[in-house]
Protein chains: 2
Amino acid sequence: MTDKKLKATGGNAGRNRSHNRRVVLNFVRAHEPAGRAEIARSCGLSIQAVSNITEVLEEDGLLLAVGPKTGVRGKPATQYTINPEGAFAIGVEVRPDALICAVLNLTGECIYSERQAFSNAVPDNAIPAIKETVNRAIKNSNRKRSQLLGAGIVMPGPFGVSGLSALGGANLPEWGGIDIQAVFEQTLECPVIIENDATAAAIAERVTGAATTVDTFCFVYFGTGLGLGVIADGHAQRGAFGNFGEIGHIITQTGGIQCACGNRGCLETYASRMSVKTYLEQSGIDLPDGSALAQLLTDENPVLMEWIETAARHLSQAISILENIFDPETIILGGAMPDAVMDALIATLDLPMGSLANREDRTLARVLRGTSGRFTAAIGGAAMIIHKNTTPSLALFS
Amino acid sequence: MTDKKLKATGGNAGRNRSHNRRVVLNFVRAHEPAGRAEIARSCGLSIQAVSNITEVLEEDGLLLAVGPKTGVRGKPATQYTINPEGAFAIGVEVRPDALICAVLNLTGECIYSERQAFSNAVPDNAIPAIKETVNRAIKNSNRKRSQLLGAGIVMPGPFGVSGLSALGGANLPEWGGIDIQAVFEQTLECPVIIENDATAAAIAERVTGAATTVDTFCFVYFGTGLGLGVIADGHAQRGAFGNFGEIGHIITQTGGIQCACGNRGCLETYASRMSVKTYLEQSGIDLPDGSALAQLLTDENPVLMEWIETAARHLSQAISILENIFDPETIILGGAMPDAVMDALIATLDLPMGSLANREDRTLARVLRGTSGRFTAAIGGAAMIIHKNTTPSLALFS
DNA sequence: GTTATTTACTCAAGTAACTTGATTTAAGTA
DNA sequence: TACTTAAATCAAGTTACTTGAGTAAATAAC
């Protein structure tokens with residue numbers, strides 16, 4: 001979402017230093033506990049360099065030295081893990097009707113969350129409310145502001161598109177034309193990342209979910225609509241204008257259900273939170289919240305079962321497209337849908353066997369369930385900050 | 001295709017140096033002619049550093065000092081351009097029936113190309129033939145081997161998939177289980193990159209085609225089948241197993257034409273070189289080569305016009321999916337299809353207006369025609385080598 | 001139980017590449 | 001002609017990594 005064009009930047013000693021710190025943190029994150037010699041071998045650095053780096057990271061409270069590794073020959077290695085208490089990040093999801101906030105510690109555990117109804121999310125209302133929320137979250141989670149790595153603000157996309165408001169009801173059109181990141185960095189007095197819900201949720205999965213060691217995967221996010229986040233080689237894909245992953249409006253049925261975007265047969269008219277609500281309402285079933293939906297599943301409600309079948313058929317098409325295009329290690333489904341319903345959906349999928357994804361050496365299932373629940377996007381916002389601080393922006397030097 | 005897992009690597013002075021050389025080359029490539037102060041500002045380096053780097057690059061023959069910039073106040077800047085004669089790269093496309101070779105100079109100009117029929121492209125036959133071809137290409141293009149940056153070998157994917165041969169007739173199943181890159185590096189005695197045709201063609205577009213200054217775009221490649229290459233932020237997407245972009249087998253018509261992959265209604269049964277050939281044959285029209293196809297278009301042959309209409313309808317679906325998923329600056333169509341036919345296809349596309357891609361601030365057309373012709377993939381192979389040597393592998397430091 | 005081997009780690013010196021600040025050069029402008 | 005602006009150079013300084021010698025602490029072998 002950051003509109004600033006990323007430019008290739010030259011390196012110098014200082015930037016190299018911070019890059020190497022992230023390389024080390026990223027390695028420890030995925031391989032903890034890890035000894036210094038091991039880190040050095042894997043990261044292509046000298047032991048001495050790693051020694052200096054870990055010393056600083058330990059002083060900064062980001063790494064924790066744990067008991068030495070025994071059972072192997074040679075001097076026992078001092079092993080390091082990420083220090084959960086070393087730092088924290090805040091995520092805020094801004095929705096037209098609510099403000100959701102989550103606080104994660106450095107290992108990605110959610111240590112605080114809250115949801116408040118919010119009637120009119122225009123900038124003038126929302127910005128001060130978010131500032132308050134963030135301050136309350138810091139206080140309620142018993143953290144020091146000095147340890148705050150930053151805030152991730154999650155907003156429904158797409159941004160900067162002509163006729164934007166035609167593209168789905170979940171948008172916040174009043175936020176157009178504002179440098180949102182700059183405004184929040186000034187207001188919140190900390191680094192800020194702005195992102196859409198699906199990408200944020202994907203990053204959450206990478207930081208603390210089913211994909212901590214998966215470098216390349218797709219995340220299909222059930223929000224009001226349907227979004228896609230992709231992590232490729234550990235890096236989130238953003239597209240040229242920050243609107244990567246608008247998967248909800250790919251057409252899976254020519255001449256199908258009328259979508260708010262103007263086209264017919266869009267995927268999200270069949271598979272999304274909004275879709276299941278509408279489908280049930282048409283049979284006179286009201287759906288106040290997630291637990292009601294889970295109950296309908298327990299009851300094997302025939303209308304819901306019908307919806308699952310239809311949704312799974314359309315989702316299968318989309319997932320097959322994703323497998324063919326992205327060649328991912330796995331595809332993860334998550335978001336604002338009860339776990340049981342998500343599991344039922346996944347079980348009902350019908351994926352073609354004659355596919356790229358049907359590899360012999362596959363170690364992960366083709367489709368997994370990820371983090372679900374209504375805090376997913378806010379958690380993702382915080383996860384983006386953790387991710388940024390533990391992920392080198394270069395893939396390799398080669 | 002390179003199976004070696006890319007790993008985040010720490011930086012040191014030496015790696016920083018080579019990174020910075022690529023940063024500078026990449027900047028000059030896209031902004032030539034460029035002065036040193038200008039480079040320094042854009043790349044986040046000191047003028048002194050850039051001065052040292054350009055000095056070395058000029059000695060190595062990669063940069064060329066051109067006349068000073070006048071008309072502005074201050075001391076005139078010594079400007080640099082890429083030196084076309086400073087180095088060269090070779091690309092080889094391996095097909096079941098032919099070996100195609102192209103040589104590019106450093107600015108991406110094709111300075112030599114050849115095509116030879118080849119009946120049985122199994123490794124034991126093809127490897128020595130490719131070695132010969134490469135040597136001949138160096139000789140015939142009057143280059144010194146010491147200036148060879150490397151060779152890009154282009155092969156039709158997908159690789160390493162169960163039941164691979166079921167996925168289309170263009171594959172080379174005998175190459176499974178071989179470390180192709182290592183074999184070629186040993187045989188050809190130079191750096192080697194292995195890639196599929198679509199990605200190679202996309203990189204060609206970035207190095208020397210319609211996308212030299214476009215950082216994020218999709219390239220739809222018409223080969224025997226249909227492939228997709230994506231450049232995101234200047235980096236080619238490869239997927240977890242090197243099989244990114246198998247767009248030919250996404251299904252655009254449920255219950256449609258039977259595809260060799262076992263499914264029905266795959267995109268490439270409607271839009272590909274093979275598809276047009278089959279379609280015309282069914283009406284008794286034989287298609288020996290590309291110029292015959294171009295002639296049919298000139299004649300406004302009704303069968304071909306029908307095919308174009310159908311193909312464009314299916315392509316429109318796919319392009320709409322790509323726009324929604326990747327949010328690219330533009331989508332480029334290229335490959336083994338006559339320019340005129342490609343232009344007719346593009347003119348016939350029917351893209352939804354209510355789309356992410358329909359931005360007000362759009363500067364590039366939503367769909368462009370790229371490099372076409374039967375040497376496209378081989379040129380792409382060589383372009384990959386140029387690209388690698390002029391593209392920093394890190395996007396940015398912060 | 002002693003010695004050998006293996007591996008991790010530390011210390012101190014060395015090095016490569018970038019940065020900084022003062023200075024020079026060469027154009028446009030008043 | 002003198003002033004302003006901007007690029008480029010020179011020389012010294014800085015930073016973070018590497019190198020090589022040496023130490024420490026475990027397992028393995030005799």
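Numbers restart at 1 for each chain; the letters A, B, ... are given by sequence-line order, proteins then strands.
Picking from dA6(D), dA8(C), dA16(D) the nucleotide with the shortest atom distance to the side chain of Arg17(A) gives dA16(D). With dC18(C), dT9(D), dC17(D) as the candidates, the nucleotide lying closest to the side chain of Ile53(B) is dC18(C). The side chain of Arg73(B) lies closest to dT5(D), out of dT5(D), dC17(D), dT15(D). Candidate nucleotides dC9(C), dA17(C), dA6(D) were compared by shortest atom distance to the side chain of Arg36(A), and dC9(C) ranks first.
Taking atom CZ of Arg41(B) as the reference point, atom C1' of dA7(D) lies 9 Å away to the nearest angstrom. Atom CG of Asn52(B) and atom C1' of dT20(C) are 13 Å apart (whole Å). Atom CD1 of Ile47(B) is separated from atom C1' of dA17(C) by 17 Å (rounded to the nearest Å). Note: NZ (Lys75(B)) to P (dA7(D)) measures 11 Å, nearest angstrom. Rounded to whole Å, the distance from CG on Asn16(A) to C1' on dT15(D) is 10 Å. As a whole-Å value, the separation of Ile39(A) CD1 from dC17(D) C1' is 16 Å. Protein atom CD of Glu55(B) is 15 Å distant from nucleotide atom C1' of dC18(C), rounded to whole Å. In this structure, Leu45(B) places its CG atom 19 Å from P of dA16(C), rounding to the nearest Å.
A donor-acceptor pair under 3.5 Å links the side-chain atoms of Glu329(B) to the main chain of Asp215(B), judged by distance alone. Checked by atom type and distance alone, the side chain of Gln79(B) never pairs as donor or acceptor with a backbone atom of Ala65(B) at under 3.5 Å. Judged by distance alone, the side chain of Arg238(A) and the main-chain N or O of Thr199(A) form no donor-acceptor pair under 3.5 Å.
Using modelled atom types and a 3.5 Å distance limit, the side chains of Arg29(A) and Asn26(A) yield a donor-acceptor pair.
For Asn12(A) and dA17(C), the shortest distance from a side-chain N or O to OP1 or OP2 is not below 4.0 Å. At least one side-chain nitrogen or oxygen of Asn20(B) sits closer than 4.0 Å to the OP1 or OP2 atom of dC18(C). Between Ser46(B) and the phosphate of dC18(C), there is no side-chain N or O to OP1/OP2 separation shorter than 4.0 Å. Between Arg15(A) and dC18(C), a side-chain N or O to OP1/OP2 separation shorter than 4.0 Å is absent. Contact check, Thr78(A) against dC9(C): a side-chain N or O comes under 4.0 Å of OP1 or OP2.
Along DNA chain C, the nucleotide closest to Arg21(B) and the one closest to Pro76(A) are compared, and the more 5′ of them pairs with Pro76(A). Both Ala13(B) and Glu38(B) sit near DNA chain D, but only Glu38(B) has its closest nucleotide nearer the 5' end.
In this structure, Phe244(B) and Phe326(A) have perpendicular ring planes: the angle between them is above 60°, well past the 30° mark.
A donor N or O paired with an acceptor N or O is found under 3.5 Å between the base of dC10(D) and the side-chain atoms of Gln48(B).
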